[in-house]
Amino acid sequence: MSAPTRLVLVGAGGMGKAWLATILGNPDTELAGIVDLDLDAARKAAADAGVPDVPVGPDAVELARRTGADAVVNVTIPRAHHPVTTAALFAGLPVLGEKPVAENVAQGLSLVAAAEASGQLFVVSQSRRYNPHVFAFKEQAKALGELGTLSTEFYKAPHFGGFREEMEHVLLVDMAIHPFDTARFLLDAEPVSVYCEEYNPSWSWYAHDAAAAAVFEMTGGLRYVYHGSWCAPGAETSWNGSWRLSAATGTATWNGDDAPVLDTPDADVAAAPSADPGDGIAGSLATFVAAVGGGPVPMGEVHENVLSLVMVEAAVESAETGARVRVDDVLDRAYAQALADERRDDVRAVLESWTSVRDALTPAR
Ligand SMILES: NC(=O)c1ccc[n+]([C@@H]2O[C@H](COP(=O)([O-])OP(=O)(O)OC[C@H]3O[C@@H](n4cnc5c(N)ncnc54)[C@H](O)[C@@H]3O)[C@@H](O)[C@H]2O)c1
């Protein structure tokens with residue numbers, strides 16, 4: 001029996017509380033401390049979770065050193081992901097961070113380089129991948145062989161109140177990264193280009209566009225088509241969306257909630273049993289902890305994850321310009337921005353060593 005991994009949780013907001021409960025519920029982890037700029041929020045989260053005496057503080061590295069923690073779970077707002085994670089990595093602490101990897105792709109590239117320069121593990125938790133149905137769907141995709149089109153319909157009507165009803169590109173930025181990331185996983189393919197339109201239905205209660213339609217070309221000539229709305233009352237889809245995968249030998253569909261269904265006229269097409277990845281953030285915490293203990297590198301490791309945020313940024317750029325956007329152009333601009341903004345010489349040296357940003361990000365296939 002190895003000792004539990006001692007974690008500092010950074011960010012005691014809405015999602016931080018979910019992580020707090022998940023850490024406390026994992027027998028292989030121990031909560032070393034809670035960090036938040038708002039110390040009262042950290043103390044209240046600890047008290048509400050039944051651990052009022054857990055140490056709190058405003059700085060992750062300081063609290064990790066004070067408590068002898070092994071790793072950091074970063075559940076701060078996207079703007080804080082880059083500074084909090086960079087500081088932790090260079091303090092020798094592996095990091096599990098909430099999506100998105102950072103506020104923008106340029107900062108995401110800086111974090112890829114920071115992981116390399118520090119030699120530490122940085123994993124982005126894309127919790128919706130941790131779903132046994134997604135893994136079963138992927139086995140069906142493998143069984144279908146030559147793939148053509150994957151599509152997601154996402155129709156919900158939430159009244160969030162607050163910042164979401166006021167922010168620009170709310171659906172693409174705040175939600176669509178989940179299906180975009182799942183699409184990369186299911187297709188085992190990476191984005192090449194995108195054409196995207198955003199719009200706001202006349203009855204929308206959002207200040208800016210809350211609906212979007214995007215067509216991605218993926219590597220291998222595949223297409224991923226996304227259509228979503230956050231102001232679509234009636235016949236709502238699952239929060240995972242509703243999926244269809246069309247292939248030469250048949251079709252697989254997934255309603256987002258139940259087991260996916262394989263429909264093929266070819267009697268030889270059968271999906272292999274799939275592994276159980278665990279459920280949501282509990283699954284991503286379990287694989288992170290196993291990796292910190294010497295286990296395999298989990299999906300979502302930063303090199304692999306950044307292209308999901310690239311899909312969001314490319315879709316937003318297409319919606320703003322009305323043009324089809326090449327993903328390599330988005331990467332080139334982000335790379336130039338990352339070099340211009342980088343404050344650490346060791347991180348800049350890693351960025352400068354890359355001969356191709358895409359090669360630096362795309363895992364060998
Ligand atoms: N996977 C999912 O389904 C899912 C769902 C919701 C949110 N999220 C993600 O979780 C993250 C947090 O979202 P949230 O809804 O909990 O936000 P939130 O605003 O409720 O909470 C964020 C907390 O971080 C704290 N904070 C900000 N900067 C900090 C810093 N530099 N150091 C320490 N603390 C800092 C804030 O004081 C606040 O308490 C975001 O990245 C969001 O995208 C993921």
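Just so you know, these numbers come straight off a predicted model, no measurement behind them. One-based numbering, in listed order, for ligands and for the atoms of each.
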For [X], counting its heavy atoms only, list the atoms of ligand 1 lying under 4.0 Å from any of them.
X	result
Val84	31 (N)
Gly14	16 (O), 20 (O)
Val10	33 (C)

Polar side chain donor-acceptor pair, Asn255 to Ser242, under 3.5 angstrom = no

Going by heavy-atom distance to atom 37 (O) of ligand 1, choose the closest among Asp36, Leu37, Val101, Asp38.
-> Asp36

Proximity of Asp59 to ligand 1 by residue part, where a heavy atom lies under 4.0 Å = neither

Going by the 4.0 angstrom heavy-atom rule, the piece of Ser127 near ligand 1 is side chain

Give the residue, atom name and distance (to 0.1 Å) of the protein heavy atom nearest atom 42 (C) of ligand 1.
-> Lys99 O, 3.7 Å

Atom 40 (C) of ligand 1 sits nearest the protein heavy atom Thr76 O, 3.5 Å

Using a 4.5 Å cut-off on heavy atoms from C-beta on, say whether the side chain of Val134 contacts that of Trp254.
-> yes

Tell me whether the centres of the aromatic rings in Trp230 and Tyr155 are closer together than 6.0 Å.
-> no

For the ring pair Tyr130 and Phe135, is the centre-to-centre distance below 6.0 Å?
-> no

When you check the gap from the basic side-chain N to the acidic O, do Glu317 and Arg333 get nearer than 4.0 Å?
-> yes

